[in-house]
**Student:** 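What follows is a structure written as structure tokens; I'll ask about it next.
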Amino acid sequence: MTAVVITQPMLFPWPGFFEQLMIADGYIYLDDTQFSKGSFTNRIQLLRSNDRCWMTIPLAGKGSFQKISELTAAGEDWKASHRALLRQSLLGAPFIDDALSIFDSVYRHSSLLELLIASIEEPARYLGIGKNRKIEKTSEMGVEGTSWQRVLDIVLKASGTRYLTGHGAANYLDHTAFEQAGVHVEYMNYSRTPWPQPVGTFTPYVSVLDLIARMGPEARNCLIPATVAWQDFLKEETVTS
């Protein structure tokens with residue numbers, strides 16, 4: 001069976017995202033959809049003292065009414081300020097140089113789209129994830145449409161028989177239509193495995209660079225991928241809601 005993941009390009013995502021990547025055979029960047037303000041496309045959280053802060057790429061025109069592939073950054077000053085913020089966040093971490101090296105490699109990209117994609121691919125490479133994945137962009141696949149029907153058509157175009165997705169998709173997917181088309185939908189069961197952090201309460205919802213800086217080559221041991229069949233996921237959602 002071929003497991004497919006579809007996601008918008010994102011800035012150095014949280015570690016749970018990479019658990020999804022670990023079990024994907026095909027990986028598709030949804031780069032031709034409209035940018036959503038407040039999404040994780042251009043921002044991620046970092047630790048700062050006993051709290052968290054946002055590291056955000058400022059967008060020209062604030063990204064209004066633009067496709068992700070068309071986004072451009074406002075100026076260049078943010079690159080230096082992001083490095084300083086990241087270094088401050090990771091100060092004292094035993095593998096801070098590994099995280100900063102990944103950051104520097106990613107931030108050499110002049111194209112914002114390529115920078116966002118690299119901020120997923122470079123950490124994945126460090127973690128030894130998805131070496132044999134097939135990587136595509138929706139802007140190059142020629143699949144039109146909207147909502148869940150386009151998602152299904154993209155999966156079928158990629159010869160997928162399993163669609164691995166995050167929890168938000170439960171609000172709009174037609175699971176029966178996927179099953180009838182021969183595609184089984186599975187939702188991620190994120191492990192949220194703790195790693196050492198210099199604050200009182202652990203949080204997994206920070207950039208993967210935090211995990212890398214504090215765990216180095218052992219970081220992958222904190223990633224334990226698992227999925228739940230959509231039928232079971234929806235049952236659990238009904239019970240907890």
**Student:** Asp232: which residues meet the salt bridge (Lys or Arg N to Asp or Glu O under 4.0 Å) condition with it, sequence neighbours left out?
**Tutor:**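 Counting only residues at least two positions away or on another chain, Asp232 forms no salt bridge (Lys or Arg N to Asp or Glu O under 4.0 Å).
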**Student:** Checking Lys157 side chain against Met141 main chain: does a donor-acceptor pair fall under 3.5 Å?
**Tutor:**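 Pair found, side chain donor or acceptor close to backbone of Met141.
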**Student:** Could you tell me whether Tyr172 atom OH has more than 12 heavy atoms of other residues or ligands within 6.0 Å of it?
**Tutor:**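 Above 12, so yes.
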**Student:** Side chains of Thr56 and Asn42: do they bring a donor and an acceptor to under 3.5 Å?
**Tutor:** no
**Student:** Hydrogens and angles aside, do Gln8 and Ser39 bring a side-chain donor and acceptor to less than 3.5 Å of each other?
**Tutor:** no
**Student:** Considering non-hydrogen atoms only, spot the tightest contact between Phe35 and Thr41 and give its length.
**Tutor:** CE1-CB, 3.9 Å
**Student:** Less than 4.5 Å apart, any side-chain heavy atom of Pro9 and any of Lys137?
**Tutor:** no
**Student:** Side chains of Ile212 and Phe95, heavy atoms from C-beta outward: is any pair under 4.5 Å?
**Tutor:**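 SC-SC contact between Ile212 and Phe95 ruled out.
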**Student:** With distance as the sole criterion, is a donor-acceptor pair present between the side chains of Glu121 and Tyr29 under 3.5 Å?
**Tutor:**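 Yes, Tyr29 and Glu121 have a side-chain donor paired with an acceptor closer than 3.5 Å.
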**Student:** Of Phe12, Trp54, Phe17, which is the lone residue that meets ring pair (Phe, Tyr, Trp, His ring centres under 6.0 Å) with Phe40?
**Tutor:** Trp54
**Student:** Check the surroundings of atom CZ in Arg192: do more than 12 heavy atoms from other residues, nucleotides or ligands lie under 6.0 Å from it?
**Tutor:** yes
**Student:** Quick check: does any side chain N or O of Ser119 sit under 3.5 Å from a backbone N or O of Met10, one acting as donor and the other as acceptor?
**Tutor:**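 Flag set: sc Ser119 to bb Met10 pair under 3.5 Å.
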**Student:** Do the two ring centres, one from Trp14 and one from Tyr190, sit under 6.0 Å apart?
**Tutor:** yes
**Student:** Hey, are the side chains of Thr227 and Phe233 touching, using non-hydrogen atoms and a 4.5 Å cut-off?
**Tutor:**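 SC-SC contact between Thr227 and Phe233 ruled out.
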**Student:** Can you find a heavy atom in the side chain of Leu11 that is under 4.5 Å from one in the side chain of Leu115?
**Tutor:**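 The answer is yes; the side chains approach within 4.5 Å.
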**Student:** Are Leu86 and Leu91 linked, directly or through intermediate hydrophobic residues, by side-chain heavy-atom contacts shorter than 4.5 Å (ILVMFWY only)?
**Tutor:**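 No, no single cluster joins them.
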**Student:** Write down the atom of Phe103, the atom of Lys79, and the distance for their closest heavy-atom approach.
**Tutor:**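 Between these two residues, the closest heavy atoms are CZ-O, 3.9 Å.
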**Student:** For the atom pair OG (Ser110) and CD (Glu76), what is the distance rounded to the nearest 0.5 Å?
**Tutor:** 8.5 Å
**Student:** Working note: Asp104 + Arg83, criterion salt bridge (Lys or Arg N to Asp or Glu O under 4.0 Å); need CA distance, chi angles, decisive distance, verdict.
**Tutor:** CA-CA 8 Å; Asp104 290 339; Arg83 195 182 197 280; 2.8 Å; yes
**Student:** Without swapping roles, check the side chain of Ser89 against the backbone of Arg48 for a donor-acceptor pair under 3.5 Å.
**Tutor:** no
**Student:** Verify, without hydrogens or angle tests, whether His167 (side chain) and Met188 (backbone) share a donor-acceptor contact under 3.5 angstrom.
**Tutor:**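 Yes; at least one donor-acceptor contact below 3.5 Å.
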**Student:** So, the side chain of Glu19 versus the backbone of Ser191: is there a donor-acceptor pair under 3.5 Å, distance only?
**Tutor:**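 Flag set: sc Glu19 to bb Ser191 pair under 3.5 Å.
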**Student:** After noting the C-alpha distance and the side-chain angles of Arg150 and Asp32, does the key distance pass the salt bridge (Lys or Arg N to Asp or Glu O under 4.0 Å) rule?
**Tutor:** CA-CA 12 Å; Arg150 188 181 189 219; Asp32 58 356; 2.7 Å; yes
**Student:** Can you spot which of Glu179, His175, Gln231, Arg162 makes a side-chain hydrogen bond (donor to acceptor under 3.5 Å, both in side chains) with His184?
**Tutor:** Glu179
**Student:** Are a donor atom and an acceptor atom from the side chains of Thr2 and Asp25 found within less than 3.5 Å of each other?
**Tutor:** no
